[in-house]
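One structure is given below, encoded as structure tokens.
All values below were derived from every heavy atom in this structure, side-chain atoms included, with hydrogens, water molecules and symmetry-related copies excluded. Quick caveat: nothing in here was measured; it's all calculated off a predicted structure.
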Amino acid sequence: QVQLVESGGGLVQPGGSLRLSCLASGNIFRIEIMGWYRQAPGKQRELVASITDRDITEYGDSVKGRFTISRDNAKNTVYLQMNSLKPEDTAVYYCHADRITYYTSPGIFFDLWNVWGQGTQVTVSS
């Protein structure tokens, strides 16, 4: 079974930093795209950042220059370094992966699309 498990959320003061991690567990061969989305109360879920397995990145306009996404393919883990945090960054942050290629036994591969983690709360407040 393939799962995404986030960690690293919490409470931080404005101007502070946090680092989120997301581990994809299971018999994984390859993950094409990993990323982070967030959803604040009363708002739609929005892209924060994404990264391909070739390290091509994309950022939401509101986080450019403050957040950095990276991944460790050997560990099937994606990270989000968040600096200069603002109160408007407060949200539940969700890890997302697209096209996870996994195997159930040697030589038998499957693809999973649009996989989500359970979310981790980030609160920026003084």
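Classified by interplanar angle (parallel below 30°, tilted 30° to 60°, perpendicular above 60°), the ring pair Tyr103/Phe109 is perpendicular. Between Tyr37 and Trp116, the ring planes are perpendicular. Angles over 60° get that label, and only those under 30° would be called parallel.
Linking Ile, Leu, Val, Met, Phe, Trp and Tyr residues whenever their side-chain heavy atoms come within less than 4.5 Å leaves Tyr79 and Ile31 in two separate clusters. The hydrophobic cluster containing Leu85 does not contain Leu47, counting ILVMFWY residues as joined when their side-chain heavy atoms lie under 4.5 angstrom apart, directly or transitively. Note on Tyr94 and Leu4: separate hydrophobic clusters, where clusters join Ile, Leu, Val, Met, Phe, Trp and Tyr whose side-chain heavy atoms are under 4.5 Å apart, directly or indirectly. No path of Ile, Leu, Val, Met, Phe, Trp and Tyr side chains, each step under 4.5 Å between heavy atoms, connects Val122 with Leu23, placing them in separate hydrophobic clusters. In terms of hydrophobic clustering, with Ile, Leu, Val, Met, Phe, Trp and Tyr side chains grouped at heavy-atom distances under 4.5 Å, Ile69 and Ile33 are assigned to different clusters.
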- Val12 and Met82: side-chain contact (heavy atoms from CB on, under 4.5 Å), yes or no, with the steps? CA-CA 11 Å; Val12 64; Met82 305 185 292; over 6 Å; no

- Task: Give the intermediate values and the outcome of side-chain contact (heavy atoms from CB on, under 4.5 Å) for residues Asn27 and Thr104.
- Result: CA-CA 7 Å; Asn27 296 326; Thr104 56; over 6 Å; no

- Query: Passes side-chain contact (heavy atoms from CB on, under 4.5 Å), Arg38 versus Ser62? Steps please.
  - Reply: CA-CA 12 Å; Arg38 68 185 181 186; Ser62 62; 3.0 Å; yes

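Looking at Ile56 and Ile51, their side chains never come closer than 4.5 Å, going by heavy atoms from C-beta outward. When side chains are defined from C-beta on, Val124 does not count as touching Glu88, because their heavy atoms never get closer than 4.5 Å. Residues Ser125 and Thr90 are not in side-chain contact: their nearest non-hydrogen atoms beyond the backbone lie 4.5 Å or more apart. By the 4.5 Å heavy-atom criterion applied to side chains, Arg99 and Asp111 are counted as neighbours. Using a 4.5 Å cut-off on side-chain heavy atoms (C-beta onward), Asp55 and Arg71 make contact.
Minimum interatomic distance between Lys64 and Asp61 (heavy atoms only, all atoms of both residues): NZ-OD1, 3.1 Å. Taking each heavy atom of Ala49 and Leu80 in turn, the nearest pair found is CB-CD1, 4.2 Å. The heavy-atom pair separating Ser17 from Gln81 by the smallest distance is CB-NE2, 3.9 Å. When all heavy atoms of Met34 and Ala24 are compared, the pair lying nearest together is CE-CB, 4.4 Å. In terms of heavy-atom proximity, Pro14 sits nearest to Ser126 at CD-N, 3.7 Å. When all heavy atoms of Ala91 and Gln39 are compared, the pair lying nearest together is CB-O, 3.5 Å.
Rounding to the nearest 0.5 angstrom, the gap separating the CG atom in Leu20 from the CZ atom in Phe67 is 8.5 Å. Of the inter-residue distances, the one linking Gln3 atom CD with Ile28 atom CD1 reads 10.0 Å to the nearest 0.5 angstrom. One distance of note links CZ of Arg19 with OG1 of Thr68; it measures 11.0 Å at 0.5 Å rounding. Note that SG of Cys95 and CH2 of Trp36 are 5.0 Å apart. Values are rounded to the nearest 0.5 Å.
Under the 3.5 Å distance criterion, the side-chain polar atoms of Arg66 are matched with a main-chain donor or acceptor of Ser84. Side-chain atoms of Asp98 never come within 3.5 Å of backbone atoms of Trp113 as a donor-acceptor pair (strictly under, hydrogens ignored). A donor-acceptor pair is defined here as one N or O able to donate and one able to accept, closer than 3.5 Å; such a pair exists between the side chain of Glu6 and the backbone of Gln118.
Between Lys86 and Asp89, none of the side-chain N atoms (NZ, or NE/NH1/NH2) sits under 4.0 Å from a carboxylate O, so this pair counts as no salt bridge.
For Tyr102, the ring pair (Phe, Tyr, Trp, His ring centres under 6.0 Å) criterion is met by Phe110, not counting sequence neighbours.
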